Colleague: 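Structure provided below as structure tokens; questions to follow.
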Amino acid sequence: TVMKHSRKHFLRKLAAGSLAATGLTALGPAVQAARPATSRQPETDPPPLQLGLASYSLRKFSLDEVIQMCHRTGLRHLALKSMHLPLDANPAYIRATAAKVRVAGIDLYGAGVIYMREPMQVHQAFAYAQAAGLRVIIGVPNPELLPLVEKLAKELDIQVAIHNHGPGDKLYPSPESIYSHIKNLDERIGICIDIGHTRRIELDPAQEVLKYADRILDVHLKDVNQTGAEGHNIEMGRGIIDVPAFLAALRSISYQGVVSFEYEKDPDDPLPGLAESVGYVRGVLDVACE
């Protein structure tokens, strides 16, 4: 009991301190000023965040092992990477694999990151998503292909969440670099904010979510040890990202997509660090929702 209450007390102080420091407490004036006029307004009771997994976290494991680890960590939403469901697989295989995941009680909502550098790859990505019954493609389409991406997204009613990759990414290093290309496109074209890469480029992920609230379609959740190109993934709560503030920002905009852990550290033995990260995030959310 003492340990339980001590941990709750610690997390409560951590969350409260982070929110106060960033102006997020009770959606104060600092947050309201940071939001564009088109941002979603907070609800009195924001929906709970849906925690999921980007299967790249388990890139050295089979799909059966991915499903097993989803159950062990309690993550019920999944976005598959191509090593677990190849992009060039035939439609029957894609449908059968997607059904296998869903029969196991996992919501297969998306896939990615999928790179689209030519029109054929755009058509392939959408055919793949349609066969698998996906709601979201997490992708990196070249800017000149965005008209085709928009056309297919509208025809098939599939969202495309463009992923930022931080320092060194010549196309989309930041959420703003994505938004500048998509701001006049259909609302099905949006942003997958990778908070690790966002922080490595010395931006505050919480403030970025508030700026581009209406275009955040997917989230890659991770922590990093430092800013800059040398920064790398670390267990959540051990790094430099203000995780409580980021989660509070998502709840403040009534974000309804999936928040997927992308744990890139320890590829040969990721489960301990992934489980620690999931537990930390759940602890922060439990305190915030009390």
Side-chain angles (χ1 to χ4, degrees), residues 45-87 89-114 125-139 156-161 163 192 194 216-222 235-236 247 250-251 254-286 288-289:
D45 186 17
L49 296 179
Q50 303 178 82
L51 300 182
L53 180 70
S55 81
Y56 182 74
S57 309
L58 308 177
R59 53 199 174 276
K60 293 195 173 184
F61 295 82
S62 69
L63 178 59
D64 286 340
E65 291 169 316
V66 170
I67 292 171
Q68 182 186 47
M69 290 190 212
C70 280
H71 285 300
R72 291 183 68 180
T73 54
L75 298 174
R76 292 292 185 264
H77 307 277
L78 181 64
L80 288 178
K81 183 68 176 171
S82 55
M83 71 278 298
H84 297 124
L85 181 55
L87 277 167
N90 66 64
Y93 179 84
I94 293 171
R95 287 192 293 270
T97 303
K100 174 181 180 178
V101 173
R102 295 184 175 113
V103 166
I106 306 295
D107 168 35
L108 179 58
Y109 79 94
V113 173
I114 297 174
F126 276 93
Y128 174 91
Q130 188 177 31
L134 306 180
R135 303 190 298 275
V136 185
I137 297 170
I138 300 102
L156 301 175
D157 194 24
I158 295 173
Q159 295 179 330
V160 177
H163 187 287
C192 170
D194 183 304
I216 304 296
L217 301 181
D218 195 58
V219 174
H220 277 179
L221 197 61
K222 62 182 66 164
E235 293 85 352
M236 298 208 66
L247 297 173
L250 284 181
R251 296 186 77 239
S254 296
Y255 174 71
Q256 296 181 32
V258 177
V259 183
S260 283
F261 290 86
E262 188 178 42
Y263 185 73
E264 297 176 328
K265 187 185 174 194
D266 308 319
D268 293 318
D269 186 25
L271 187 58
L274 174 62
E276 178 182 329
S277 297
V278 173
Y280 175 79
V281 168
R282 286 207 171 108
V284 172
L285 291 172
D286 284 349
C289 294

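Because the structure is predicted, anything quoted here is derived from the model rather than measured. All values below were derived from every heavy atom in this structure, side-chain atoms included, with hydrogens, water molecules and symmetry-related copies excluded.
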Colleague: Can you tell me how far apart CG (D194) and NE2 (H163) are? Round to the nearest 0.5 Å.
Modeller: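 Rounded to the nearest 0.5 Å, the CG-NE2 separation comes out at 4.0 Å.
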Colleague: Could you pull out all residues at least two apart from L87 that satisfy side chain to side chain contact (heavy atoms under 4.5 Å, CB included)?
Modeller: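 Counting only residues at least two positions away or on another chain, L87 forms a side chain to side chain contact (heavy atoms under 4.5 Å, CB included) with S82, I114, Q124, Y128.
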Colleague: Does L63 form a side chain to side chain contact (heavy atoms under 4.5 Å, CB included) with L85? I'd like the steps, not just the answer.
Modeller: CA-CA 8 Å; L63 178 59; L85 181 55; over 6 Å; no
Colleague: Give the C-alpha distance, both sets of side-chain angles, the deciding distance and a yes or no for side chain to side chain contact (heavy atoms under 4.5 Å, CB included) between I138 and H220.
Modeller: CA-CA 10 Å; I138 300 102; H220 277 179; 4.3 Å; yes
Colleague: Nearest 0.5 Å please: distance from the OH atom of Y109 over to the NE2 atom of H77.
Modeller: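 Here the rounded value is 9.0 Å.
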Colleague: Applying salt bridge (Lys or Arg N to Asp or Glu O under 4.0 Å), name anything that partners E276, two or more places apart in sequence or on another chain.
Modeller: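 For E276, the residues satisfying salt bridge (Lys or Arg N to Asp or Glu O under 4.0 Å) (neighbours in sequence not counted) are R238.
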Colleague: What residues form a side chain to side chain donor-acceptor pair (under 3.5 Å) with D269, not counting sequence neighbours?
Modeller: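 If we apply the side chain to side chain donor-acceptor pair (under 3.5 Å) test to D269, skipping adjacent residues, there are no hits.
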Colleague: Checking R76 now: which residues fulfil side chain to side chain donor-acceptor pair (under 3.5 Å) with it, not counting sequence neighbours?
Modeller: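 R76 satisfies side chain to side chain donor-acceptor pair (under 3.5 Å) with H71 only.
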Colleague: Run the side chain to side chain contact (heavy atoms under 4.5 Å, CB included) test against L49 and tell me which residues pass, sequence neighbours left out.
Modeller: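 L247, L250, R251, Y255, V259, L285.
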Colleague: For A161, enumerate each residue passing the side chain to side chain contact (heavy atoms under 4.5 Å, CB included) test, keeping only those at least two apart in sequence or located in another chain.
Modeller: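 For A161, the residues satisfying side chain to side chain contact (heavy atoms under 4.5 Å, CB included) (neighbours in sequence not counted) are V136, C192, L217, D218.
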Colleague: With D268, which residues qualify under side chain to side chain contact (heavy atoms under 4.5 Å, CB included), at least two apart?
Modeller: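 Partners of D268 by the side chain to side chain contact (heavy atoms under 4.5 Å, CB included) criterion, ordered by chain and then number, come out as K60.
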Colleague: Check step by step if side chain to side chain contact (heavy atoms under 4.5 Å, CB included) holds for Y263 and L58.
Modeller: CA-CA 8 Å; Y263 185 73; L58 308 177; over 6 Å; no
Colleague: Side chain to side chain contact (heavy atoms under 4.5 Å, CB included) with L53: which of V258, V278, L274, T73?
Modeller: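 Only one of V258, V278, L274, T73 forms a side chain to side chain contact (heavy atoms under 4.5 Å, CB included) with L53, namely L274.
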Colleague: Please list all pairs meeting salt bridge (Lys or Arg N to Asp or Glu O under 4.0 Å) that have one or both residues in residues 62-72, counting only residues at least two apart or in different chains.
Modeller: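 Of all non-adjacent pairs touching residues 62-72, those that pass salt bridge (Lys or Arg N to Asp or Glu O under 4.0 Å) are D64-K100.
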Colleague: How long is the gap from CG on L78 to CD1 on I67, to the nearest 0.5 Å?
Modeller: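 Going from CG on L78 over to CD1 on I67, the span is 8.0 Å.
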Colleague: Does S277 have any side chain to side chain donor-acceptor pair (under 3.5 Å) partners at least two apart in sequence or in another chain, and if so, which?
Modeller: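 For S277, no residue satisfies side chain to side chain donor-acceptor pair (under 3.5 Å) once neighbours in sequence are set aside.
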Colleague: Has H84 got a side-chain atom pairing as donor or acceptor with F61's backbone, closer than 3.5 angstrom?
Modeller: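 Checked: pair present.
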Colleague: Would L80 and L134 count as a side chain to side chain contact (heavy atoms under 4.5 Å, CB included) if you check the C-alpha gap in whole Å, the side-chain angles of each, and the deciding distance to 0.1 Å?
Modeller: CA-CA 10 Å; L80 288 178; L134 306 180; over 6 Å; no
Colleague: Show the nearest heavy-atom pair for residues I94 and A89, with the distance to one decimal.
Modeller: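 Closest heavy-atom pair between I94 and A89: CD1-O, 3.4 Å.
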Colleague: Please report the shortest heavy-atom distance between A54 and S260, naming the atom on each side.
Modeller: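 For A54 versus S260, the nearest heavy atoms are N-CB, 3.8 Å.
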Colleague: Tell me, please, which residues at least two apart from D266 pass salt bridge (Lys or Arg N to Asp or Glu O under 4.0 Å).
Modeller: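 None.
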Colleague: What are the two closest heavy atoms between R59 and P267, and how far apart are they?
Modeller: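 Scanning both residues completely, I find the closest heavy atoms to be NH2-CB, 3.6 Å.
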Colleague: Using every non-hydrogen atom in the two residues, find where A111 and A79 come nearest and quote the distance to one decimal.
Modeller: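 So the minimum-distance heavy-atom pair works out to N-CB, 4.1 Å.
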Colleague: Please report the closest heavy-atom contact between G52 and L75, naming both atoms and the distance.
Modeller: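 In terms of heavy atoms, the two residues are closest at O-CD1, 3.8 Å.
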Colleague: Does some side-chain heavy atom of V160 sit less than 4.5 Å from a side-chain heavy atom of F126?
Modeller: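 Side-chain contact under 4.5 Å: yes.
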Colleague: Any salt bridge (Lys or Arg N to Asp or Glu O under 4.0 Å) involving residues 125-137? Give me the pairs, sequence neighbours left out, ordered by first then second residue.
Modeller: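 Those involving residues 125-137 are D107-R135.
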Colleague: Which residues satisfy the salt bridge (Lys or Arg N to Asp or Glu O under 4.0 Å) test with K265, sequence neighbours excluded?
Modeller: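 With sequence neighbours excluded, K265 shows a salt bridge (Lys or Arg N to Asp or Glu O under 4.0 Å) to E235, given in chain and number order.
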Colleague: Answer yes or no: is there a side-chain heavy-atom contact under 4.5 Å between R282 and L51?
Modeller: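 Touching, per the 4.5 Å side-chain cut-off.
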Colleague: Which heavy atom of K81 sits nearest a heavy atom of Y56, and at what distance?
Modeller: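 Looks like CB-N, 4.1 Å.
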